[in-house]
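The structure appears below as structure tokens.
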Amino acid sequence: MSNATILIADDDEDIRLALNLLLSAEGYQIIEAENAKEITIQSSRQKPDLVLLDMNFSRDTTSGQEGLAILEQLQPLNIPVILMTAWGSIDLAVQGLQKGASDFIEKPWNKLKLLTSIKQQLSFSKVKEQNQGYRQLLASEQSKAWICQSPSMQAIESLVAQIAPTDANILILGENGTGKSLLAERIHQLSARNQAPLIAVNMAAIPDNLFESELFGHQKGAFTDAKQNRVGRFQLADQGTLFFDEIGSLPLTLQPKLLRVLETGQYEVLGSSQTQVADARLISATNADLNQLVTEQAFRQDLLYRLNTIVITIPPLRERLEDIEALALSFIDKFTAKYHKPALTISLCAISKLKQHNWPGNIREFSHVIERAVLLTTATEITAQQLLLENTDNSNDAVLLQPLEEAEKQLIEKAMKVTNGQVMEAAKLLDISRNALYRRLEKFAIQHEK
Ligand SMILES: Nc1ncnc2c1ncn2[C@@H]1O[C@H](COP(=O)(O)OP(=O)(O)OP(=O)(O)O)[C@@H](O)[C@H]1O
Ligand SMILES: [Mg+2]
């Protein structure tokens, strides 16, 4: 890979110059850094393809500790690092390799060795990147079916195809379990950023006092509990996507802190005065009514305007009945595979029952119902009864107060009806033995096959 950019990190100007001449002549683009601060800025801004890192950084230190610390900071960026160590400091080189360096060379360097190592590391990292993309694609295709048969979901599909490749900020709205998180993942996969990570942040789950440290990171010692450096979510999502889940739960006091980075594209790691540039595409999601929150002055309007360039509202499941059958089949496949069950079908009656249910928990609830039915079914077809959806739409008021015997008779009649008179199945539904059911069928003179 000629044209690759290499960061030369050495405090000795003569060495930088010598390396610069050697590597430029080979067609590489060169950037230089002479201290730890510059290395961090240059590597996060210019995103070099490889770093050549001197291990004995400050002239008066020879322990290499500073080099190791820099190496650690570079790790999240996933850039191959070749260490340059003084001749004879093999221990240090080994420590460096254990901390994630790709290779090391000894100073004074052998030109051929140096050039070969650079070439190798650049091609390894390319293969690694391709594999990662491929694995992500495989994982997403195998486990994350995305059902969108209904007209409303089809409309969302074409909008997504249009906007996913852009960097537009997206706000996803929808009730619990409608697929907001899954859609965010899909948009990331369909975007040009899919080689970099999608980093999710649940805004409801971050304690107020850790908010800035979570988002922007901190340096060791920035506050009492900051025992180690911490990489913030903005940096982890560099060149990728940041997913702010439950954005409606972000406390009003913290909203200006988020607003600032969205407005300026810049932030500071806590404990550092160095300004970082944010390069992440933003997707947010909530089941709250943000406009209502704005009216109640619980959510800042200016922040909302930063987030909602494109709004996608996923309709509740009860309003997209055309998706139900496909969802059922897809979840049946998923759960029969998960529980190593033989292939299963689902009865028409069961499908129609699924369509009548109200689904307050939307697809998440739907998936649990199918999972349970797959577990309960011993035959080859899931029937309406196995969905166990009775009484979910009404409360217990539907149960009439009546003599116990009468209630028992009605329950048995019902079980026989929904199982089409299959005593075995009816007994299972009532959780009694087959013989116990036979005795009651005789007692109440309910028709049945002997
Ligand atoms: N269109 C779809 N096709 C197939 N499965 C889906 C679809 N939408 C959602 N799911 C599945 O339904 C479940 C719930 O989806 P998800 O977690 O994305 O919902 P959510 O809206 O983010 O929920 P919450 O409001 O709780 O955050 C997941 O298992 C997801 O894989
Ligand atoms: Mg979610």
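Quick note: residue numbers are just sequence positions, from 1. Each ligand, and each atom within it, is numbered from 1 in the order the structure gives.
For ligand 1, the polar-atom distance check finds no N/O of Met153 at less than 3.5 Å from any of the ligand's N/O atoms. Checked by distance only, ligand 1 and Trp146 stay at 3.5 Å or farther apart across all their nitrogen or oxygen atoms. Checked against a 3.5 angstrom limit, the closest N/O atoms of Asn287 and ligand 1 fall outside it. Between Arg320 and ligand 1, a contact under 3.5 Å exists for no N or O pair. Taking distance alone, with nitrogen or oxygen atoms compared against 3.5 Å, Asp245 stays at or beyond that limit from ligand 1. Residue Phe331 has no nitrogen or oxygen atom sitting less than 3.5 Å from a nitrogen or oxygen atom of ligand 1, judged on distance alone.
Between Gly174, Gly361, Gly179, it is Gly179 that holds the heavy atom closest to atom 16 (P) of ligand 1.
Residue Ala145 places a heavy atom under 4.0 Å from ligand 1. The shortest separation from a heavy atom of Leu327 to ligand 1 is under 4.0 Å, placing the residue in contact. Contact between Cys148 and ligand 1 is absent, with no heavy atom of the residue lying under 4.0 Å from the ligand.
Distance check, rounded to the nearest 0.5 Å: CE of Met424 to OG1 of Thr378 gives 7.5 Å. Distance CG/Asp323 to OG/Ser330: 11.0 Å, rounded to 0.5 Å. We find the CG-CG distance between Leu242 and Asp279 to be 10.5 Å, quoted to the nearest 0.5 Å.
Shown in contact with Ser181 at under 4.0 Å from a heavy atom are these atoms of ligand 1, numbered in order with element: 18 (O), 20 (P), 22 (O). Those atoms of ligand 1 that come under 4.0 Å of a heavy atom in Asn176, given as number and element, are 25 (O). Residue-ligand proximity, Leu182 to ligand 1, at heavy-atom distances under 4.0 Å covers atoms 5 (N), 6 (C), 7 (C), 8 (N), 9 (C), 10 (N), 18 (O), 30 (C), 31 (O).
Here Phe366 and His357 keep their ring centres 6.0 angstrom or further from each other.
With Gln255 contributing its side chain and Leu250 its backbone, the two residues share a donor-acceptor pair below 3.5 Å. Between the Lys180 side chain and the Glu175 main chain, a donor and an acceptor come within less than 3.5 Å of each other. Of the possible donor and acceptor atoms, one in the side chain of Gln154 sits under 3.5 Å from a partner among the backbone N and O of Cys148. Side chain of Thr40 to main chain of Ala36: a donor-acceptor pair is present (N/O by atom type, distance under 3.5 Å, no hydrogens or angles).
At a cut-off of 2.8 Å, measuring from the Mg ion (ligand 2), the protein N, O or S atoms that fall short of it are Ser181 OG, waters left aside.
Contacts classified as side-chain hydrogen bond (donor to acceptor under 3.5 Å, both in side chains) and involving residues 155-165 (residues at least two apart or in different chains) are given here: Trp146-Glu157, Glu157-Arg186. Pairs passing the salt bridge (charged side-chain N to carboxylate O under 4.0 Å, His left out) check and including a residue from residues 263-278, sequence neighbours excluded, read Arg260-Glu268. Pairs of residues two or more places apart, or lying in two chains, that qualify as ring-ring contact (aromatic ring centres under 6.0 Å, His included) and include a residue from residues 254-278 are Phe216-Tyr267, Phe234-Tyr267.
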Legend entry - Pair Ile346-Leu354, side-chain contact (heavy atoms from CB on, under 4.5 Å): steps then yes or no: CA-CA 11 Å; Ile346 180 164; Leu354 290 171; 4.0 Å; yes

